[in-house]
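Structure first, commentary second.
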Amino acid sequence: MEPAFKRKRPAKEKILVAAEKLFQEVGYAKTTTKMIAEVSGVNEITIFRNFDTKAGILKSLALSKIELIEPFKEVLFSSSHHSIEKDLTAVGIIYYQAFRANIGLILSLLNENNDDFKTSFIQIPSTAISMLQTYFEQMEASKMIVINPKMNAHFLATTFLCNLLGYLIMHHAFGRIILQEDVYELLALNVEKFMHGCIEEVSERPTGEKDA
């Protein structure tokens with residue numbers, strides 16, 4: 001019987017699914033377009049017609065993964081903020097879910113340290129950092145937070161995501177052998193630690209200030 005990922009999908013989608021599978025199993029460098037054609041069940045010419053090169057496949061795959069952090073926008077830029085702690089915890093959960101869904105691809109990226117991989121997938125952390133930076137800038141402009149004067153919004157965004165990624169990799173690699181907390185406790189602790197050292201949440205607005 002034909003594998004499920006070969007059936008009832010457009011050729012482009014079949015190619016991306018097969019490529020992701022191979023990148024995880026044998027690595028990007030060792031994967032060839034011929035292998036992708038065999039696994040996806042499409043002609044190699046079809047691959048070149050849709051993507052030109054193997055690097056083009058990787059770039060399209062990375063673009064498809066950006067959708068996983070699109071929920072950041074709803075959390076960070078909704079009309080009413082609950083609190084920065086709740087916002088950042090929600091972002092952490094979204095990031096964790098995206099990380100868990102793509103752990104094989106992430107480990108391949110870390111293992112190979114390939115230039116094509118880095119060039120393509122840098123869009124994901126860059127987009128996440130950009131959204132968080134804008135969020136911190138807006139929160140500071142609205143006088144809802146005070147940023148440590150030694151830092152700026154870009155540094156905060158980068159630091160938050162780097163700390164978060166470190167926690168998630170440690171949790172995946174060692175679980176409770178080293179980390180006693182479960183992943184959601186770790187996310188909450190990461191936010192608490194981050195806020196303690198980097199920002200101060202303003203609990204009350206200045207007297208007389210009203211919502212627009």
Side-chain angles (χ1 to χ4, degrees), residues 1-77 90-134 157-158 160-162 164-173 175 183 187:
M1 180 179 293
E2 190 178 31
F5 65 81
K6 288 188 179 181
R7 300 195 306 269
K8 300 179 181 178
R9 294 176 186 264
K12 192 170 184 177
E13 187 177 350
K14 287 183 180 181
I15 295 165
L16 289 174
V17 171
E20 182 172 357
K21 181 175 185 292
L22 286 166
F23 294 162
Q24 293 181 42
E25 292 178 354
V26 302
Y28 175 77
K30 293 182 179 179
T31 297
T32 65
T33 52
K34 182 178 180 180
M35 292 165 64
I36 294 171
E38 291 174 352
V39 173
S40 64
V42 305
N43 191 290
E44 194 171 6
I45 295 174
T46 303
I47 292 178
F48 295 129
R49 185 180 299 125
N50 281 277
F51 299 101
D52 292 332
T53 63
K54 185 174 71 170
I57 297 173
L58 188 64
K59 184 176 180 180
S60 292
L61 185 59
L63 286 172
S64 73
K65 299 300 180 183
I66 289 180
E67 296 178 2
L68 294 172
I69 59 172
E70 280 296 304
F72 273 29
K73 291 181 181 178
E74 183 176 352
V75 170
L76 298 177
F77 306 117
V91 163
I93 291 171
I94 294 167
Y95 208 69
Y96 164 65
Q97 291 170 343
F99 175 89
R100 185 176 60 180
N102 294 278
I103 184 61
L105 203 55
I106 292 168
L107 293 179
S108 294
L109 169 59
L110 294 174
N111 182 53
E112 291 200 43
N113 200 27
N114 182 281
D115 285 342
D116 284 347
F117 247 132
K118 288 187 288 187
T119 301
S120 297
F121 278 83
I122 196 173
Q123 299 170 78
I124 298 174
S126 294
T127 300
I129 288 170
S130 178
M131 284 193 281
L132 273 171
Q133 178 180 343
T134 300
T158 304
F160 179 75
L161 287 181
C162 286
L164 182 58
L165 184 59
Y167 276 124
L168 294 178
I169 290 174
M170 284 283 286
H171 183 271
H172 174 78
V183 69
L187 291 174

Please determine whether a side-chain nitrogen of the Lys or Arg among Arg49 and Glu44 lies less than 4.0 Å from a carboxylate oxygen of the Asp or Glu. no
Could you tell me if the side chain of Lys59 sits less than 4.5 Å from the side chain of Thr119, heavy atoms only? no
Heavy-atom pair with the smallest gap, counting every atom of Ile66 and Gln123: CD1-CB, 3.8 Å
Minimum heavy-atom separation for Lys14 to Ser40, with atom names? O-CB, 3.6 Å
Search all heavy atoms of Ile69 against all heavy atoms of Met131 and return the closest pair with its distance. O-CE, 3.7 Å
Taking atom CD1 of Ile36 and atom NZ of Lys34, what is their separation to the nearest 0.5 Å? 13.5 Å
Between Ser60 and Phe51 the two heavy atoms that sit nearest each other are OG-CE2, 3.4 Å
So, Ser64 side chain and Leu61 main chain: donor-acceptor pair closer than 3.5 Å or not? yes
Determine whether Phe77 and Thr134 satisfy the following criterion, side-chain contact (heavy atoms from CB on, under 4.5 Å), listing intermediate values before the conclusion. CA-CA 9 Å; Phe77 306 117; Thr134 300; 4.0 Å; yes
Could you tell me the separation between the CD atom of Glu38 and the CG atom of Asn43, rounded to the nearest 0.5 Å? 11.5 Å
If only atom types and distance count, is the side chain of Ser108 paired as donor or acceptor with the main-chain N or O of Phe23 below 3.5 Å? yes
So is Lys65 actually on top of Phe121's ring, under 6.0 Å and inside 45° of the axis? no
Passing option when Lys54 is tested against Asp116, Thr33, Ile47 for side chain to side chain contact (heavy atoms under 4.5 Å, CB included): Thr33
Any side-chain heavy atom of Phe160 sitting closer than 4.5 Å to one from Val91? yes
Asn50 versus Thr46, closest heavy-atom pair with distance: ND2-O, 2.8 Å
Indicate the atoms forming the closest heavy-atom contact of Ala19 with Ile57, along with that distance. CB-CG2, 3.5 Å
Interatomic distance, CG@Leu58 vs CG@Leu105, rounded to 0.5 Å, equals 7.5 Å
Nearest 0.5 Å, please: how far is CD in Glu20 from CG in Asn102? 6.0 Å
Using a 4.5 Å cut-off on heavy atoms from C-beta on, say whether the side chain of Glu25 contacts that of Thr31. no
Within 6.0 Å of CG in Leu63, more than 12 heavy atoms from elsewhere: yes
Just verifying a value: how many Å separate Glu70 CD and Thr127 OG1, rounded to the nearest 0.5 Å? 8.0 Å
Side chains of Phe99 and Leu165: does their closest heavy-atom pair fall under 4.5 Å? yes
Does the side chain of Leu68 reach to within under 4.5 Å of the side chain of Gln97, using non-hydrogen atoms? no
Between Ser130 and Ser126, is there a donor-acceptor pair closer than 3.5 Å when you use the side chain of the first and the backbone of the second? no
Would you give the length of the straight line joining atom CG of Leu161 to atom OH of Tyr95, rounded to the nearest 0.5 angstrom? 5.0 Å
